Amino acid sequence: MMRRLILFVCIAWWVPVLVACQAPAAPSPMPTSEAAKQLRVVATTSIVGDVVRQIGGDAIQLSVIVPIGADAHAYEASPQDIARVAEADLIFAVGAGLEQHFLDRLLEQTGKRGAARQLAEGIPLLAFEGHEEEHSHERERHKHKEGEAHHHRHDSEVDPHLWMDPNNVITWTHTIETALSQADPGRADLYRRNAEAYRAELRKLDEWIREQVSQIPPENRKLVTDHRVFGYFARRYGFQQVGTIIPGVSTAAEPSAQEIAKLQETIRDLNVKAIFVSSTISPSVAEQIAKDIGIPLVRLYMETLSEPGGEADSYITMMRYNVQAIVRSLR
């Protein structure tokens, strides 16, 4: 009896010891690492967003303010936009007045002005020819609509459509790379490698555009568009912007009957081969002009990308799509 009691006590003592030795240790909580955090980045447009994404990749959490298919010239900020900007580590905008009518208010309300980067900085900006006359027309149209002129009219005297020249976008990449690296030094090498690879793609795009444009006779390189959007493209690749349907730098204005008649006369006199309009606007006026004169109306992606998987779902595919359409129409 005593022997059994001793054996029971020994077993009772050793079992917890054996179990403790064999049981896996409880996992320690993962330490929070600054390198594991994603930067929260906001881009104003889908075009800016795509360029930022090429450099930031999976290291950033990216959101875009102006939805795909919408026009930045006439966009009104939403409460969701305020929340996005308030939480952002960095905000990238084209600048040069493009987003001023909604972005200034967002930055003021959220106190995030210091987080905003204007991609137009460092780029020689083109002035709009005849901008004073165009602005006068727009003020006259909106003078009875309180506040509307402020929200829907550019106050800038420069062309904000910088992305129409890939060489300007190359400058963007340096601004974006620097901003991301300063905000996230641990990934600076990643941002540098991504930016260098993307710059090589943009240089190839520039060379390809030159080759494509060479198919168009110089006398046919005349552009009529919905608004003045091709200034940088025209300067880089040897085109002339000879007329626009919408006066001024914004798509929010409307042409008068006199302006339409003058444009039709210009198209006939200069033997313009086609009218190009943005995918973001109603083409009704342009359609009527093209029908009256007997030339094609061609839709392009000027202010926005297409939906993912579409024909212009990145900056580079957008430019390729536009150039191919221009060459087909003018050569």
Side-chain angles (χ1 to χ4, degrees), residues 41-56 62-78 80-81 84-85 91-103 106 118-120 151-154 156 159-166 168-169 172-173 176 198 201-202 205 209 223 225-233 241 244-246 248-253 275-287 297-326:
V41 179
V42 170
T44 52
T45 72
S46 58
I47 295 170
V48 173
D50 180 65
V51 178
V52 171
R53 185 181 292 108
Q54 301 302 322
I55 300 170
L62 179 68
S63 62
V64 174
I65 294 177
V66 182
I68 285 177
D71 187 348
H73 294 285
Y75 184 72
E76 295 289 348
S78 69
Q80 291 79 10
D81 295 328
R84 289 174 186 170
V85 171
I91 302 116
F92 290 103
V94 174
L98 179 71
E99 310 98 330
Q100 182 178 354
H101 61 283
F102 68 84
L103 186 58
L106 288 175
Q118 304 283 329
L119 298 178
H151 296 306
H152 294 290
R153 178 176 58 81
H154 281 285
S156 174
D159 185 348
H161 305 98
L162 295 154
W163 59 89
M164 287 299 179
D165 180 351
N168 290 336
V169 178
W172 287 11
T173 66
I176 295 166
Y198 190 53
E201 292 185 46
L202 293 171
L205 174 64
I209 294 174
L223 297 172
T225 55
D226 52 46
H227 69 298
R228 289 188 178 274
V229 65
F230 273 100
Y232 297 97
F233 181 89
Q241 288 190 116
T244 60
I245 295 169
I246 302 169
V249 302
S250 170
T251 57
I275 297 175
F276 300 99
V277 297
S278 173
S279 62
T280 61
I281 70 165
S282 170
S284 56
V285 175
E287 284 175 344
L297 179 71
V298 183
R299 301 299 296 269
L300 301 179
Y301 292 90
M302 301 179 185
E303 310 280 354
T304 177
L305 303 180
S306 66
E307 293 289 344
E311 56 204 358
D313 63 352
S314 72
Y315 170 72
I316 288 179
T317 58
M318 180 196 80
M319 291 298 291
R320 286 182 172 272
Y321 177 90
N322 289 344
V323 169
Q324 287 171 337
I326 291 169

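None of the values given here were measured: they were computed from a predicted structure.
Contacts of F92 classified as ring pair (Phe, Tyr, Trp, His ring centres under 6.0 Å), with partners at least two apart in sequence or in another chain: none. Evaluation of the side-chain hydrogen bond (donor to acceptor under 3.5 Å, both in side chains) rule for Q118 yields no partner, not counting sequence neighbours. Taking the ring pair (Phe, Tyr, Trp, His ring centres under 6.0 Å) definition, one finds that F233 meets it with F230, Y237, F239, sequence neighbours left out.
Inspection of the T44 and E99 side chains reveals an N or O donor paired with an N or O acceptor under 3.5 Å. In summary, the side chains of D81 and Y75 do present a donor paired with an acceptor at a separation below 3.5 Å, with no hydrogens or angles considered. Residues E303 and H161 have side chains that bring a donor and an acceptor to within less than 3.5 angstrom of each other. With hydrogens and angles left out, the side-chain atoms of Y301 and E311 include a donor and acceptor closer than 3.5 Å.
Heavy atoms only, all atoms of each residue included: G95 and A120 are closest at C-CB, 4.3 Å. Nearest heavy atom pair, residue P160 against residue V94, reads O-CG1, 3.3 Å. For the residue pair I176 and L119, the shortest heavy atom distance occurs at CG1-CD2, 3.8 Å. The two atoms that bring T304 and I47 nearest to each other are N-CD1, 3.9 Å, heavy atoms only. Nearest heavy atoms, P166 versus I209: CG-CD1, 3.9 Å. When every heavy atom of N168 is checked against every heavy atom of L162, the shortest pair comes out as ND2-O, 3.1 Å.
A donor-acceptor contact shorter than 3.5 Å is absent between the side chain of R228 and the backbone of D159.
Taking the six-membered ring for Trp, H73 and H227 have ring centres closer than 6.0 Å.
One finds the CG atom of L98 at 10.0 Å from the CG atom of L103 (value rounded to the nearest 0.5 Å).
With contacts defined as side-chain heavy-atom distances shorter than 4.5 Å, the pair S278/D71 does not qualify. You'll find the side chain of L300 stays beyond 4.5 Å of the side chain of V277, heavy atoms only.
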